[in-house]
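Below is one structure; the comments refer to it alone.
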Amino acid sequence: MSNNSSITHFLLLAFADMRELQLLHFWLFLGIYLAALLGNGLIITAIACHHRLHTPMYFFLLNLSLVDLGSISTTLPKSMANSLWDTTAISYAGCAAQLLLLVLLISAEYFLLTIMAYDRYVAICKPLHYGTLLGSRACVHMAAAAWGGGFLYAVLHTASTFSLPLCQGNAVDQFFCEIPQILKLSCSGAYLREFRLLVVSAFVFLGCFVFILFSYVQILGAVLRIPSEQGRHKAFSTCFPHLAVVSLFLSTVMFAHMKPPSMSSQSLDLVVAVLYSVVPPAVNPLIYSMRNQELKDALRKLIQGLTFH
């Protein structure tokens with residue numbers, strides 16, 4: 001029988017027991033991490049340095065890249081260090097900090113994606129009001145609300161989760177600390193308070209999902225009413241990256257936390273966790289730069305400037 005006062009550390013799930021596979025995992029994650037740092041870092045620098053990109057859409061994209069940098073930096077470095085040093089331990093405080101940051105950043109990302117859907121809705125459905133509805137002050141307030149909402153959500157969940165008595169040992173069935181895995185360690189019936197908080201949060205997230213869906217139904221209707229094919233293509237090309245990122249984020253997170261218990265296994269949970277915590281931050285810069293000519297031009301100039309100086 002364990003309780004919170006006697007637990008000084010948690011044991012995270014290892015990707016492999018063989019030393020060769022542990023080193024392979026380290027190098028693989030290092031490559032993904034460096035790619036995510038480079039991609040998101042270039043987008044942040046390009047947006048900050050090019051005045052043509054000082055628009056609401058790119059301001060929110062800069063915030064999204066900051067979130068992606070933070071979320072992948074919360075999980076991968078510790079996992080890589082554990083593989084390199086052949087350990088699975090994380091301190092109690094380290095686990096709490098990891099959970100707090102991860103919930104904050106994933107929540108902020110979802111709120112930002114909701115705001116970005118509103119940005120695309122106003123740009124395409126109400127273009128004459130774009131400057132009024134999405135002025136610089138409004139954009140700063142919306143971004144601050146996304147970060148503040150994520151922080152409040154994270155503090156509430158972390159405080160609630162780590163106030164529970166833990167009776168099931170200290171082995172976490174995941175390669176990082178997350179709420180469902182910590183709840184599995186709690187005493188029977190003790191997690192009801194956190195469960196109630198999760199239900200309330202689910203309604204908030206459902207509201208954001210309905211808003212994103214409604215926005216894109218309106219956007220699709222507006223795009224189909226554009227008479228020229230070139231105009232329709234241009235309008236859709238500004239929405240495609242956001243739609244792709246939202247789909248990737250929601251599909252991986254929903255599958256991770258809503259799959260039936262019969263599908264649950266240690267290896268599948270590990271793969272799904274990688275999909276929702278590692279893949280989006282690494283892939284998002286590629287998705288956004290792939291079909292955005294303005295961003296590609298800014299990145300090209302930035303890289304040329306770095307190369308020749």
Determine whether H242 and M57 satisfy the following criterion, side-chain contact (heavy atoms from CB on, under 4.5 Å), listing intermediate values before the conclusion. CA-CA 10 Å; H242 176 259; M57 183 176 80; over 6 Å; no
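- At least one side-chain heavy atom of I106 sits under 4.5 Å from a side-chain heavy atom of Y276.
- Listed by first and then second residue, the disulfide bond (SG atoms under 2.5 Å apart) pairs that reach into residues 12-55 come to none, sequence neighbours excluded.
- At a cut-off of 3.5 Å, with distance as the only test, no side-chain donor of S65 or Y288 sits close to an acceptor on the other residue.
- Proximity of P56 to Y130: side-chain heavy atoms (C-beta onward) are separated by under 4.5 Å at one or more points.
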For N284 and E109: C-alpha separation, side-chain torsions, deciding distance, then whether side-chain contact (heavy atoms from CB on, under 4.5 Å) applies. CA-CA 12 Å; N284 284 354; E109 177 156 2; 3.5 Å; yes
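- Of the possible polar contacts, one joining the N170 side chain to the H9 backbone as a donor-acceptor pair under 3.5 Å is found.
- By the criterion of side-chain heavy atoms lying less than 4.5 angstrom apart, applied directly or through intervening Ile, Leu, Val, Met, Phe, Trp or Tyr residues, Y92 is grouped together with V155 in one hydrophobic cluster.
- In this structure, L12 CG and Q181 CD are separated by 10.5 Å, a value rounded to the nearest 0.5 Å.
- Residues passing the side chain to side chain contact (heavy atoms under 4.5 Å, CB included) test with T75 are L102, F175, F176, sequence neighbours excluded.
- Annotation: side chain of I219 is in contact with side chain of C239 (closest heavy-atom distance under 4.5 Å).
- Contact between L69 and L37 at its shortest, heavy atoms only, is CD2-CD2, 3.4 Å.
- In this structure, Y121 has no side chain to side chain donor-acceptor pair (under 3.5 Å) partners at least two apart in sequence or on a different chain.
- A14 approaches L270 most closely through the heavy-atom pair O-CD2, 4.5 Å.
- Side-chain contact between I115 and D119 is absent, with no heavy atoms from C-beta onward closer than 4.5 Å.
- Between L134 and M142, some side-chain heavy-atom pair lies under the 4.5 Å cut-off.
- For the ring-ring contact (aromatic ring centres under 6.0 Å, His included) criterion with F111, the lone passing option out of F151, F205, F249 is F205.
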Derivation and outcome, side-chain contact (heavy atoms from CB on, under 4.5 Å), residues L64 and L113: CA-CA 8 Å; L64 188 68; L113 289 172; 4.2 Å; yes
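- Judged as a salt bridge (Lys or Arg N to Asp or Glu O under 4.0 Å), and not counting sequence neighbours, R19 has no contacts.
- A donor-acceptor distance shorter than 3.5 angstrom exists from the side chain of Q98 to the backbone of C177, with no hydrogens or angles considered.
- In this view, Y58 satisfies the ring pair (Phe, Tyr, Trp, His ring centres under 6.0 Å) rule with no residue, not counting sequence neighbours.
- Under the rule for a side chain to side chain donor-acceptor pair (under 3.5 Å), H50 has no partner lying at least two apart in sequence or in another chain.
- The only member of P281, S277, P280 that meets side chain to side chain contact (heavy atoms under 4.5 Å, CB included) when paired with S71 is P281.
- In this structure, I47 CD1 and L53 CG are separated by 6.0 Å, a value rounded to the nearest 0.5 Å.
- Using a 4.5 Å cut-off on side-chain heavy atoms (C-beta onward), M18 and L24 make no contact.
- At a threshold of 4.5 Å between side-chain heavy atoms, the hydrophobic network of Ile, Leu, Val, Met, Phe, Trp and Tyr places L21 and L76 in two separate groups.
- Residues V172 and L185 meet the side-chain proximity criterion, which asks for heavy atoms closer than 4.5 Å.
- Ring centroids of F15 and F29 are separated by less than 6.0 Å, placing the two rings close together.
- With sequence neighbours excluded, the residues forming a side chain to side chain contact (heavy atoms under 4.5 Å, CB included) with A36 are N40, I72, A282, listed by chain and number.
- Scored by the side chain to side chain donor-acceptor pair (under 3.5 Å) test, S201 finds H157 as partners (sequence neighbours excluded).
- Using modelled atom types, one side-chain atom of S163 and one backbone atom of S160 make a donor-acceptor pair closer than 3.5 Å.
- Listed for the S73 side chain is no donor-acceptor partner under 3.5 Å among the backbone atoms of G70.
- A distance of 11.5 Å separates CG of L248 from CG of L243, quoted to the nearest 0.5 Å.
- Atom CD of Q174 and atom CZ of F10 lie 14.5 Å apart (nearest 0.5 Å).
- Between L99 and the choices T74, I179, L104, the side chain to side chain contact (heavy atoms under 4.5 Å, CB included) rule is met once, by I179.
- Listed by first and then second residue, the side chain to side chain donor-acceptor pair (under 3.5 Å) pairs involving residues 76-87 are Q22-D86, H25-S79, H25-S83, K78-N82 (not counting sequence neighbours).
- V246 and F214 fall into different hydrophobic clusters, defined by Ile, Leu, Val, Met, Phe, Trp and Tyr side-chain heavy atoms under 4.5 Å apart, directly or through other members.
- Clustering ILVMFWY residues whenever any of their side-chain heavy atoms sit less than 4.5 angstrom apart, transitively, puts V122 in a cluster other than the one holding L220.
- In this view, H141 satisfies the ring pair (Phe, Tyr, Trp, His ring centres under 6.0 Å) rule with no residue, not counting sequence neighbours.
- At least one side-chain heavy atom of C95 sits less than 4.5 Å from a side-chain heavy atom of F162.
- Pairs of residues two or more places apart, or lying in two chains, never qualify as disulfide bond (SG atoms under 2.5 Å apart) while including a residue from residues 98-159.
- Contact detail for V67 and A108: the closest heavy-atom pair is CG2-CB, 4.2 Å.
- Within 6.0 Å of the OH atom in Y216, the count of heavy atoms belonging to other residues, nucleotides or ligands exceeds 12.
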Using the rule given for side-chain contact (heavy atoms from CB on, under 4.5 Å), can you reason through L105 versus Y110, listing the C-alpha separation, both sets of side-chain angles and the distance that settles it, and then say yes or no? CA-CA 9 Å; L105 293 161; Y110 190 44; over 6 Å; no
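- For Y118, there are no side chain to side chain donor-acceptor pair (under 3.5 Å) partners, not counting sequence neighbours.
- The structure places CE of M80 at 13.0 Å from CG of L23, a figure rounded to the nearest 0.5 Å.
- Transitive grouping of hydrophobic side chains (ILVMFWY, heavy atoms separated by less than 4.5 Å) brings L133 and V140 into a common cluster.
- Here CG of L84 is found 4.5 Å from CZ of F26. Values are rounded to the nearest 0.5 Å.
- A pairwise comparison of heavy atoms in T114 and C208 identifies OG1-CB, 3.4 Å as the closest pair.
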